[in-house]
Amino acid sequence: MAEGQIEFDSLLLNLLNTNNDIRTKSESTFDNIPVERRIVYLLNTVGNNGNSDEVRQLGAVLLRRVISGDFEHFFPKLNSESQAQLKNQLLLTVQQDLSPQLRKKVCDAASELARNLIDEDGNNHWPEFLKFLFDCASSQNTVYKEASLQMFTAVPGIFGNQQNRYLEVIRQMLLQSLQDPTNLNVRLAAVRATTAFLLAHEKEHNIQKHLADCLPPLLQVLQQSLEQQNEDFVLKSFIDLAESCPRFLRSQLDPLLQICLKIISETKMTDSWRQLALEVIVTLSETAPAMMRKLASKHIAQLVPLIFNMMIDLEEEENWAFSDETLDDDNDSNPVVGESAVDRLACALGGKVMLPLVVNILPTMLTSADWKHRYAGLMAIAAVGEGCHRHMEASLPEIVDGILPYLQDPHPRVRFAVCNALGQMSTDFAPTFEKKFHDKVLPGLLMILENSAFPRVQAHAGAALVNFFEDCPKSIVTLYLEKIISTLEGVLSCKFKELVEKGTKLVLEQVVVTLSSVADSAEEKFVQYYDRFMPCLKYIIENANTEELRLLRGKTIECVSLIGLAVGQEKFVTDASDVMNMLLKTQTDENTIREDDPQLSYMISAWARICKILGKQFEPYLPCVMGPVLKAASLKPEIALLDSEDMKVVEGDDDWQFVSLGEQQNFGIRTVGLEEKATACQMLVCYARELKEGFSAYTEEVVKLMVPLLRFYFHDGVRTAAAECLPYLLECARIRGGDYLAEMWRYICPELLKSVDSEPEKEVLSEHMHALAKCIEVLGRGCLSEEHMAELLKVLDKSLKDHFERAQERQEKRKDEDYDEIVEEELLDEDDEDVYILSKVADILHSLFITHKQDFLPCFDHLLQHFVRLLGHDRSWADQQWAICVFDDVIEHGGSACVKYQQYFLKPMLDALASPNPEVRQAAAYGFGVMGQFAGEGFAKTCAGTICHLSNFNRF
């Protein structure tokens with residue numbers, strides 16, 4: 001064993017070797033050592049003070065990873081003596097004379113073992129660890145104190161089901177450590193521990209309340225860290241608390257905000273500290289906006305000028321306006337952080353709070369002789385539009401008139417900023433903005449687009465026009481179409497020449513996109529200009545084959561397909577074959593298109609548009625296009641479960657997104673390719689919808705792809721497309737016979753029901769419910785087995801119960817101490833979302849009634865109580881409307897059998913005829929109409945009695 005240990009220690013040394021071959025070979029050898037032996041070796045390595053600190057640290061890290069990843073495999077196989085040895089050795093090693101770095105890693109390994117020794121019922125199977133934790137915490141040895149806090153931070157749930165018994169002891173431990181008079185490291189460790197414990201119980205307000213007296217010392221440690229400027233994690237801890245437990249900070253909100261404002265105002269402070277302090281305030285505004293509006297209005301008033309000071313922290317870049325690449329802004333720069341903060345604060349706090357504060361500063365900014373101030377003022381106008389929409393809309397004439405002159409500002413970056421503001425307002429205030437200001441905005445942006453002196457500004461004017469055209473009524477676009485086309489044609493010609501002569505392409509790429517948006521908006525009015533552009537665009541697709549022109553080619557492909565969609569099949573069909581052949585040539589050449597090629601997503605979308613244009617004529621191309629589309633739709637993203645140590649390695653990697661799972665665990669997903677996957681899935685919907693039986697050969701492969709994607713929780717668009725596709729696939733499959741169709745539905749049905757039951761996002765849930773209703777309509781009577789019908793009723797019952805519970809929760813929020821009119825607006829928005837889901841429940845019931853008629857009534861009885869309740873006078877008009885719609889179906893499709901429900905619906909429907917709400921009256925009127933048609937003679941007298949009510953409808 002001793003000889004094996006020596007070899008193992010040498011192996012760890014080789015794992016640290018900078019030579020890749022040696023390290024790779026050693027990793028393979030390490031992985032092949034049985035886990036049980038690996039644990040023993042690692043334990044000995046870490047505990048042997050004869051080894052170098054570097055080797056011992058690596059041993060501790062690897063030991064923690066083995067415990068984390070292989071606990072279930074190795075620990076139960078160890079005999080009780082070996083299990084006890086592992087526990088004891090770890091605790092003994094923590095008490096050795098170790099470097100701070102090594103002790104931290106050993107504490108992490110011990111904590112990982114402790115976490116795994118808490119069972120599902122919360123029973124702790126390592127009581128000695130708890131005793132050790134308390135002994136260290138109460139020790140006079142500050143090193144031991146710090147170690148106990150590090151371990152508690154790593155596993156704040158260590159007390160399991162005994163936590164309530166120990167809650168006061170935990171509070172005392174944290175409070176005393178935060179106030180430790182002798183050692184800053186102990187206080188800093190206590191900040192981590194307190195934060196970890198609060199975050200682990202973010203929903204448990206009683207625990208937060210119990211720890212309320214820890215907040216003042218937390219602020220004291222923040223102040224101390226600020227004075228030394230060496231530990232920004234304390235400020236980061238307050239961001240975490242602001243995000244997860246904002247109400248915990250309420251009692252000390254004023255001093256916290258004062259500290260943050262002081263940091264932001266100190267220009268000598270590092271940018272990262274100032275930005276972290278700003279993030280505390282912005283996050284609090286997002287997570288507790290009502291509290292901030294009520295208690296922090298004076299702080300927000302002080303904050304806004306400080307943010308503007310950050311936004312003017314710009315550098316004069318000599319060649320900025322002439323750059324041929326639009327480099328992404330530095331997200332860590334003060335101007336970008338400041339602009340984002342204005343946007344987020346406006347969305348969080350609303351226009352009533354933010355707009356006056358911004359408007360008060362704008363005149364000074366916009367009239368400044370310094371271009372940086374003018375630039376920042378214009379960027380702020382763009383940033384506040386979304387959040388201040390309601391309050392800003394009335395002032396749009398003054399704002400537009402005030403900023404249009406800056407289209408002729410002497411500084412190119414100011415002209416860039418006003419294009420940005422006009423483009424953003426075109427989106428935020430559409431279509432009002434386009435209708436009111438087209439005569440001023442369009443000529444101004446076209447003027448900038450015609451000016452080739454500053455390519456970056458020229459391109460941004462083109463981008464602003466895209467925003468403007470997106471929601472602009474066709475009648476307005478038509479007024480300017482000749483001028484728009486003339487300008488785009490001139491710029492396209494000029495920039496194509498520049499591409500050939502100089503290789504510059506920024507403006508050319510943008511003008512192609514702008515042309516796409518014009519065609520999309522003008523639709524058939526674009527036909528007369530088709531021949532002026534199509535030859536040039538086809539030439540670009542055919543010849544832009546070098547790597548640096550891939551994006552240009554991709555955008556041109558998009559442009560051609562959108563023009564085709566605008567002008568229609570008759571005009572486009574002559575070029576469609578050429579375009580398709582050029583696109584398919586890209587796929588069949590020796591150098592096939594790579595997955596990261598920007599052309600790919602453009603091509604996939606273009607194929608679907610051309611399919612929509614050509615209809616059945618597209619079928620011959622399916623064998624060529626389905627391969628790339630299915631490949632993109634089948635992408636499996638890389639995922640990883642990382643602890644806090646591993647996270648440090650990938651921090652700052654924009655290709656990954658992470659979600660904290662608590663207790664130092666983080667779930668990560670590599671987002672590259674996700675948008676392309678969503679696009680490909682949506683294109684499959686298009687093929688199934690447009691080609692119907694022509695797509696039948698692919699239904700089996702596509703349904704096997706789409707059904708699992710109903711629960712692809714990494715991207716909402718993928719789940720939405722997966723659901724939307726299903727009824728179309730069933731229609732496509734019909735041609736292959738009843739048995740094939742039934743088999744496909746048996747595969748779809750249980751998974752679709754599960755997805756409706758478990759979908760967390762309401763927008764996606766509504767699509768899943770709609771898809772289910774459509775599937776039932778496609779398949780007809782008897783499509784649901786007894787088991788599946790019972791499951792569906794259970795899902796709908798749960799959805800209706802949730803509807804009532806959420807309504808009650810909103811009533812409780814109205815009693816909150818921070819409740820105000822903006823909270824009421826948010827609650828009404830939530831109510832609208834719930835009503836939309838209720839409408840989808842009604843859609844599913846409608847599909848069941850129209851397919852099963854009165855045979856569905858016994859099933860409906862399971863849900864009857866909910867709809868009776870929705871008819872109540874205490875319910876909203878929308879609740880009443882949808883309840884009446886459901887009873888309309890009972891009457892229309894249940895026929896005379898509906899008589900047994902008349903005690904529930906008759907009086908409420910009669911009352912609804914006099915409702916002040918037209919939707920409720922309409923639903924009731926329809927009900928009495930179908931009652932007269934289908935309910936039988938027993939209702940004749942009732943129907944006759946409603947005629948006078950119905951004749952009075954014109955008075956409303």
Side-chain angles (χ1 to χ4, degrees), residues 550-551 553-555 557-558 561-562 583-584 586-587 592-612 621-641 650 653-659 667-691 695 698-729 732 747-748 751-752 754-755 758-761 763-768 770-771:
R550 290 180 306 172
L551 184 59
R553 187 172 189 264
K555 290 182 176 181
I557 290 167
E558 176 185 55
S561 65
L562 283 168
L583 300 189
L584 295 175
T586 310
Q587 280 297 118
T592 54
I593 194 165
R594 299 200 311 263
E595 289 180 23
D596 63 347
D597 192 318
Q599 296 177 84
L600 184 58
S601 62
Y602 289 112
M603 287 173 61
I604 289 172
S605 297
W607 288 332
R609 293 189 196 103
I610 294 171
C611 170
K612 193 171 182 180
Y621 297 112
L622 270 181
C624 299
V625 304
M626 282 299 289
V629 175
L630 286 170
K631 185 177 181 181
S634 303
L635 172 94
K636 288 183 169 55
E638 291 180 52
I639 57 174
L641 190 63
V650 292
D653 189 338
D654 293 336
D655 289 345
W656 285 82
Q657 288 185 2
F658 294 94
V659 176
F667 176 81
I669 177 169
R670 192 166 184 263
T671 55
V672 173
L674 280 185
E675 287 301 326
E676 287 76 10
K677 181 183 180 77
T679 299
C681 289
Q682 195 58 53
M683 298 311 103
L684 291 171
V685 176
C686 177
Y687 293 149
R689 182 183 62 235
E690 300 296 328
L691 300 177
F695 193 66
Y698 301 95
T699 52
E700 185 170 342
E701 186 175 5
V702 174
V703 83
K704 286 179 178 176
L705 169 66
M706 289 300 209
V707 168
L709 295 180
L710 289 168
R711 290 194 277 177
F712 185 83
Y713 294 116
F714 307 125
H715 197 290
D716 293 354
V718 172
R719 300 198 305 285
T720 297
E724 189 181 353
C725 201
L726 297 178
Y728 297 124
L729 288 172
C732 294
Y747 176 68
I748 292 172
E751 296 305 315
L752 184 54
K754 286 177 188 173
S755 73
S758 60
E759 174 54 52
E761 297 293 333
E763 284 187 20
V764 182
L765 173 60
S766 66
E767 294 294 337
H768 285 204
H770 178 73

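What you see is a predicted model, and the numbers here were worked out from it, not measured in a lab.
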For the pair Ser561 (side chain) and Glu558 (backbone), establish whether a donor and an acceptor sit closer than 3.5 Å, ignoring hydrogens and angles. yes
Pick out which of Glu759, Lys754, His768 makes a side chain to side chain contact (heavy atoms under 4.5 Å, CB included) with Leu710. His768
Supply the atom-to-atom distance Glu700 CD to Cys732 SG, rounded to the nearest 0.5 angstrom. 13.5 Å
In Å, rounded to the nearest 0.5 Å, how long is the span from CG of Leu622 to OH of Tyr698? 5.0 Å
Heavy-atom side-chain contact between Pro628 and Met603 under 4.5 Å: no
Looking only at non-hydrogen atoms, find the nearest pair between Ile557 and Tyr602 and report the distance. CG2-O, 4.0 Å
Ignoring hydrogens, what is the shortest heavy-atom contact between Arg609 and Leu562? Give both atom names and the distance. NE-CD2, 3.5 Å
Ignoring hydrogens and geometry, is there a side-chain-to-backbone donor-acceptor pair from Lys677 to Ala633 under 3.5 Å? yes
One should read off an interatomic distance between Ile604 CD1 and Thr679 OG1, to the nearest 0.5 angstrom, of 7.5 Å
Evaluate the criterion side-chain contact (heavy atoms from CB on, under 4.5 Å) for residue pair Leu729 and Ile748; output intermediate values, then yes/no. CA-CA 10 Å; Leu729 288 172; Ile748 292 172; 5.7 Å; no
Heavy-atom closest pair, residues Val764 and Asp716: CG2-CB, 3.8 Å
So, for Ala721 and Val685, which heavy atoms are closest and what is the spacing to 0.1 Å? O-CG2, 3.4 Å
Would the distance check show the side chain of Ser755 and the main-chain N or O of Leu752 forming a donor-acceptor pair, the cut-off being under 3.5 Å? yes
Is there a side chain to side chain donor-acceptor pair (under 3.5 Å) between His770 and Glu724 once you walk through the steps? CA-CA 8 Å; His770 178 73; Glu724 189 181 353; over 6 Å; no
Taking Arg719 for the side chain and Phe712 for the main chain, is one N or O donor matched with an acceptor at less than 3.5 Å? yes
Could you walk me through whether Ser758 and Arg711 satisfy the side-chain contact (heavy atoms from CB on, under 4.5 Å) test, starting with their C-alpha distance in whole Å, then the side-chain angles of each, then the deciding distance to 0.1 Å, before giving a yes or no? CA-CA 9 Å; Ser758 60; Arg711 290 194 277 177; 3.8 Å; yes
With a 4.5 Å cut-off on side-chain heavy atoms, are Tyr621 and Cys611 touching? no
Where is the tightest heavy-atom contact between Ser605 and Met683, given as atom of each residue plus distance? CA-SD, 3.6 Å
Close side-chain approach of Phe695 and Met626, heavy atoms under 4.5 Å: yes
Smallest heavy-atom separation, Cys686 atom then Ala608 atom, equals SG-O, 3.4 Å
I want to check something: taking the side chain as every heavy atom from C-beta on, are Val702 and Tyr687 in contact at a cut-off of under 4.5 Å? no
Say you draw a straight line from CD of Glu676 to CG of Leu600; how long is it, rounded to the nearest 0.5 Å? 7.0 Å
Do you know which of Leu584, Ile610, Leu630 makes side chain to side chain contact (heavy atoms under 4.5 Å, CB included) with Val625? Leu584
Atom NZ in Lys636, atom CZ in Phe714: separation rounded to 0.5 Å? 11.5 Å
